[in-house]
Student: 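Below is the structure I would like to discuss, written out as structure tokens.
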Number of protein chains: 2
Amino acid sequence: MAVRPRLTTAKVVDAALELVDEHGVDALTLAAVAARTGVATPSLYKHVASLGELRGLVGVRLIEEMTARFTDAVLGLSGDEAVRVLMHSYRAYVQEHPKRYTAMPMDPLHDELQRAAGLKFMEVLLATLRSYGLEGSDAIHATRRLRVIVHGFASIESGGGFGLPEGLDDTYDQLVRMYLTDLRGQS
Amino acid sequence: MAVRPRLTTAKVVDAALELVDEHGVDALTLAAVAARTGVATPSLYKHVASLGELRGLVGVRLIEEMTARFTDAVLGLSGDEAVRVLMHSYRAYVQEHPKRYTAMPMDPLHDELQRAAGLKFMEVLLATLRSYGLEGSDAIHATRRLRVIVHGFASIESGGGFGLPEGLDDTYDQLVRMYLTDLRGQS
DNA sequence: CCCAAAAGCTAACAGCATTAGCTCAGGGCC
DNA sequence: GGCCCTGAGCTAATGCTGTTAGCTTTTGGG
């Protein structure tokens, strides 16, 4: 640590995220990040190993941010109310950052950081379902079903996959209700 | 039509799809397609306007192929059995072409071809749900819920997003059951 | 039999990620 | 307090993209 760097890995990821938010995930290029941080492109390699790694770090950032937000939202709640708040929190996050969700990695097993972030995320889901008294594989299945619904909807909505946005709130409410009913029904 | 072309747009899309299947969606490059079709890269522009358009055509191909397959699978069935077969057909297709699903466009409104293909796909879904006697927005909500589940699961599974693949069949069965129960419950 | 349309080609260019090697500032250490 | 060495940032260069311009050559229609 001979020199205090003007740039850090965290700041590089910050700039990358801004770029994704503003111009979409395809605009995440090392040249653009360099321009935004006021640095020559090759200088970024002092903080990031490659464009691929930067993408991975952005993914970790997203998972962490969502996890923190959901943890906060669900705090002090339990049962159906906790699940409802969690699911609506998820959708709200994606709605606030429409272009961001495309950068979410579905494969958190490759990278060690992503793996850790993914596990923490799963823990929040499991904790939210704890009051239902599910054990072993039942708990795993329940979190999987939750992920499927929440990610499926977010993915289609943020990609503009639903034709007209009319009644989307209703559709989501129905999904939440469907999930909760099913959760109670199998006890 | 002065010359019988050695290459056609369809063959270009064929090669593109092969590339996606073999080496993932990131390997879909004009240079690679040219190499595979035995032609110089710029020659492709006689059949395709740009890489972006080729991506779109690949997307259309995928939607059409899935639609055809589901139409076939559901033929002569109705009610729960039709829905069950449709959902399992969807998953089977994605399992057979793991890397392919990433190329599926969620935004079929930009391109005219994609729009048409997407509508046909939705028609199959609506037709499958016809025997439930849903009308108006109820039918729309039901198809949306179906898409959310089916796409959510396929997206996570094909991306390796479920940790261990253990018990994934059970998870999917639970989702199918959940959807059907919900469908009956609200009549 | 000619000619125009169109498929494929080569040459060229801009933008990208990435590597190699340099410069030079500043904190650790005596 | 002055040296040194670590490391951040730079410039130059390479190879791979997609894309455009303009030429060559084949071939079906008149």
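Chain naming here is simple, since letters A, B, ... match the order of the sequence lines and numbering starts at 1 in each.
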Student: Could you name each residue pair satisfying salt bridge (charged side-chain N to carboxylate O under 4.0 Å, His left out) that touches residues 37-57 of chain A, not counting sequence neighbours?
Tutor: none
Student: Rounding to an integer number of Å, can you tell me how far R55(A) CZ sits from dA17(C) P?
Tutor: 8 Å
Student: What is the distance from CG of L44(A) to C1' of dG7(D), rounded to the nearest Å?
Tutor: 16 Å
Student: Would you check, one step at a time, whether the test ring-ring contact (aromatic ring centres under 6.0 Å, His included) holds for H97(B) with Y101(B)?
Tutor: CA-CA 7 Å; H97(B) 314 285; Y101(B) 197 67; over 10 Å; no
Student: Would you kindly check if the NZ (Lys) or CZ (Arg) of R91(A) is within the cone defined by 45 degrees around the ring axis of Y172(A) and under 6.0 Å from the six-membered ring centre?
Tutor: yes
Student: In whole angstroms, how far is the P atom of dA7(C) from the CG atom of L7(B)?
Tutor: 10 Å
Student: Heavy atoms under 4.0 Å is the rule here; annotate nucleotides 16-25 of chain D 5' to 3' with B where the base is hit, S where only the sugar-phosphate is, and - elsewhere.
Tutor: -SSBB-----
Student: Which pairs pass salt bridge (charged side-chain N to carboxylate O under 4.0 Å, His left out) with one or both residues in residues 33-43 of chain A, sequence neighbours excluded?
Tutor: E18(A)-R36(A), E22(A)-R36(A)
Student: Measure from the ring center of H151(A) to the ring center of F153(B) and say whether it is less than 6.0 Å.
Tutor: no
Student: Just N and O in the side chain of H47(B): are any of them under 4.0 Å from OP1 or OP2 of dG8(C)?
Tutor: yes
Student: Is the cationic atom of R144(A) (NZ for Lys, CZ for Arg) positioned less than 6.0 Å from the six-membered ring centroid of F162(B) and within 45 degrees of its normal?
Tutor: yes
Student: On the nucleotide dA8(D), are OP1 or OP2 found under 4.0 Å from the side-chain N or O atoms that S43(A) carries?
Tutor: no
